[in-house]
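Chain identifiers are assigned alphabetically (A, B, ...) following the order of the sequence lines, protein sequences preceding nucleic acid strands; residue numbering begins at 1 within each chain.
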Number of protein chains: 2
Amino acid sequence: MKFAVFGTGMVGRTIANRLNELGHDVTIGTRDVSATLARTEGDSYGNPPFSEWQVQHSTIALASFSDASNTSDYLINATSGESILTILSDIDEAMITGKILIDIANPLDFSNGMPPSLSVVNTDSLGEKIQRNFPDIKVVKTLNTMNADLMANPMLLNQAHDVFISGDDADAKQFVIELLQSFGWQEPIDLGGITSARGTEMILPIWLQLYSVLQTPMFNFKVVR
Amino acid sequence: MKFAVFGTGMVGRTIANRLNELGHDVTIGTRDVSATLARTEGDSYGNPPFSEWQVQHSTIALASFSDASNTSDYLINATSGESILTILSDIDEAMITGKILIDIANPLDFSNGMPPSLSVVNTDSLGEKIQRNFPDIKVVKTLNTMNADLMANPMLLNQAHDVFISGDDADAKQFVIELLQSFGWQEPIDLGGITSARGTEMILPIWLQLYSVLQTPMFNFKVVR
């Protein structure tokens with residue numbers, strides 16, 4: 001299958017790599033291809049610049065958001081929040097209409113300093129906002145409640161843990177559930193329509209607190225019954 | 001030990017009963033004692049009116065918020081949210097100064113219909129708001145992330161699951177950790193200062209969604225490492 005992953009950061013790279021390992025064609029989308037490739041410095045977490053990463057992941061393509069969308073059947077939002085709204089507005093509608101967008105981002109707001117708060121919250125969510133602004137895309141929210149390595153490979157923890165899924169289109173959700181299962185997620189918990197993205201996005205603050213307390217991002221929530 | 005539990009609903013009753021079972025003196029606080037006792041109808045969840053409940057729990061006292069505070073060393077907020085701010089304002093400062101307030105409530109906002117949203121959220125929380133308004137009380141936030149029966153008796157689930165704790169006063173937190181352990185909670189997770197109450201209060205929306213999906217309130221989160 002053909003996937004466009006929006007976002008060149010660690011989340012985008014990790015998901016792109018996992019999809020590629022599983023045999024899918026993957027294009028990472030970016031605003032400006034030459035600017036992305038020209039960067040020579042890594043990020044503040046010690047991750048290498050994109051060009052260096054790409055040398056070791058040469059089967060993954062890099063293209064503009066628009067070209068990546070045009071050549072792909074499925075879209076993944078791995079940007080840091082609401083920038084996806086502008087990105088989608090700038091793409092010719094014909095290249096995205098009818099496609100599934102898997103939204104794995106959180107609406108991060110760094111304007112109050114660290115840790116980030118949420119720019120959309122409580123009675124709205126990023127997932128809903130994308131769906132409302134682009135009614136011809138099928139938005140499925142998932143994977144936004146854990147670290148990128150665990151998103152892509154849940155078996156990295158020895159015990160079972162959970163992933164949630166929200167969306168208005170049943171067939172799109174079924175597609176995403178099967179994709180998650182191919183990653184190693186056994187039973188994704190379907191929370192209902194896209195409004196339930198509020199609940200999973202609002203996990204971000206406690207996730208950040210636990211990251212600080214546990215001193216590792218390698219943890220996740222399990223719903224114990 | 002002497003506890004005042006603010007709130008006559010199921011959360012207040014369940015916690016009061018558990019404390020009493022464990023040998024503590026418990027007074028439930030209410031706005032108007034005679035009005036509380038005069039009610040003859042149960043709530044919308046099928047719980048009996050307070051007077052009927054009290055017949056079977058006769059060792060638990062009922063008093064005004066003020067009298068309950070005056071005769072108790074420890075206070076518990078089991079009201080439905082921000083009403084605690086008015087309640088505390090109406091009590092003579094001398095009756096609450098220096099005391100520990102265990103805040104197990106969430107700032108529920110029913111003004112947008114069901115399910116409730118939060119009236120304080122994202123860059124603030126109910127826990128912080130109480131601490132800010134009443135700097136001479138030691139606020140400890142905990143137990144606000146699961147059903148009342150599980151708060152009081154975590155062993156009702158067969159697998160281990162987690163409770164979180166937030167607060168600025170280390171001794172007050174240690175007291176609450178030991179109280180939680182007496183309830184059956186093995187290792188409460190200390191999230192840090194009272195600002196970390198934001199994280200646990202923001203779990204409410206996904207809790208409500210899971211309650212709807214799982215069709216039972218008998219579940220809780222475990223942090224899998």
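- Contact of A:V213 with chain B is made through the side chain alone, with heavy-atom distances under 4.5 Å.
- For B:L214, the part lying under 4.5 angstrom from a heavy atom of chain A is the side chain only.
- Proximity to chain A is limited to the side chain of B:I189, based on heavy atoms less than 4.5 angstrom apart.
- If you measure heavy-atom distances from A:L157 to chain B, the contacts under 4.5 Å come from the side chain alone.
- Side-chain contact between A:F183 and A:V163 is absent, with no heavy-atom pair separated by less than 4.5 Å.
- The side-chain heavy atoms of A:I203 and A:F164, taken from C-beta on, include a pair separated by under 4.5 Å.
- Side-chain atoms of B:L179 and B:L19, non-hydrogen and from C-beta on, do get closer than 4.5 Å to each other.
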Between chain A and chain B, which N or O donor and acceptor atoms come closer than 3.5 Å?
{"residue": "A:L118", "atom": "N", "partner": "B:N122", "partner atom": "OD1", "Å": "2.9"}
{"residue": "A:L118", "atom": "O", "partner": "B:N122", "partner atom": "ND2", "Å": "2.8"}
{"residue": "A:N122", "atom": "OD1", "partner": "B:L118", "partner atom": "N", "Å": "2.9"}
{"residue": "A:N122", "atom": "ND2", "partner": "B:L118", "partner atom": "O", "Å": "2.7"}
{"residue": "A:S196", "atom": "O", "partner": "B:Q209", "partner atom": "NE2", "Å": "3.3"}
{"residue": "A:Q209", "atom": "NE2", "partner": "B:S196", "partner atom": "O", "Å": "3.3"}
{"residue": "A:N220", "atom": "N", "partner": "B:V224", "partner atom": "O", "Å": "2.9"}
{"residue": "A:N220", "atom": "O", "partner": "B:V224", "partner atom": "N", "Å": "2.7"}
{"residue": "A:K222", "atom": "N", "partner": "B:K222", "partner atom": "O", "Å": "2.8"}
{"residue": "A:K222", "atom": "O", "partner": "B:K222", "partner atom": "N", "Å": "2.8"}
{"residue": "A:V224", "atom": "N", "partner": "B:N220", "partner atom": "O", "Å": "2.7"}
{"residue": "A:V224", "atom": "O", "partner": "B:N220", "partner atom": "N", "Å": "2.9"}

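- Residues meeting the side-chain contact (heavy atoms from CB on, under 4.5 Å) test with A:A78, sequence neighbours left out: A:V5, A:V11, A:I104.
- Listed options B:I206, B:L191, B:L204 were ranked by heavy-atom pairs under 4.5 angstrom with chain A; first place goes to B:I206.
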Can you list the steps and then say if B:I15 with B:F3 is a side chain to side chain contact (heavy atoms under 4.5 Å, CB included)? CA-CA 10 Å; B:I15 290 293; B:F3 286 87; over 6 Å; no
Run B:I194 and B:I130 through side chain to side chain contact (heavy atoms under 4.5 Å, CB included) and show every step you take. CA-CA 10 Å; B:I194 193 65; B:I130 302 172; over 6 Å; no
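- Using a 4.5 Å cut-off between heavy atoms, B:V223 contacts chain A through both its backbone and its side chain.
- By the neighbour-count criterion of 12 heavy atoms within 6.0 Å, atom CE of B:M155 is sparsely surrounded, having that number or fewer from other residues, nucleotides or ligands.
- A heavy-atom distance below 4.5 Å is not found between the side chains of B:I102 and B:L143.
- Per-residue heavy-atom pair counts under 4.5 Å with chain B were compared for A:L208, A:V121, A:L156, A:L150, and the maximum is reached by A:V121.
- Applying the ring-ring contact (aromatic ring centres under 6.0 Å, His included) rule to pairs touching residues 104-160 of chain A yields nothing, sequence neighbours excluded.
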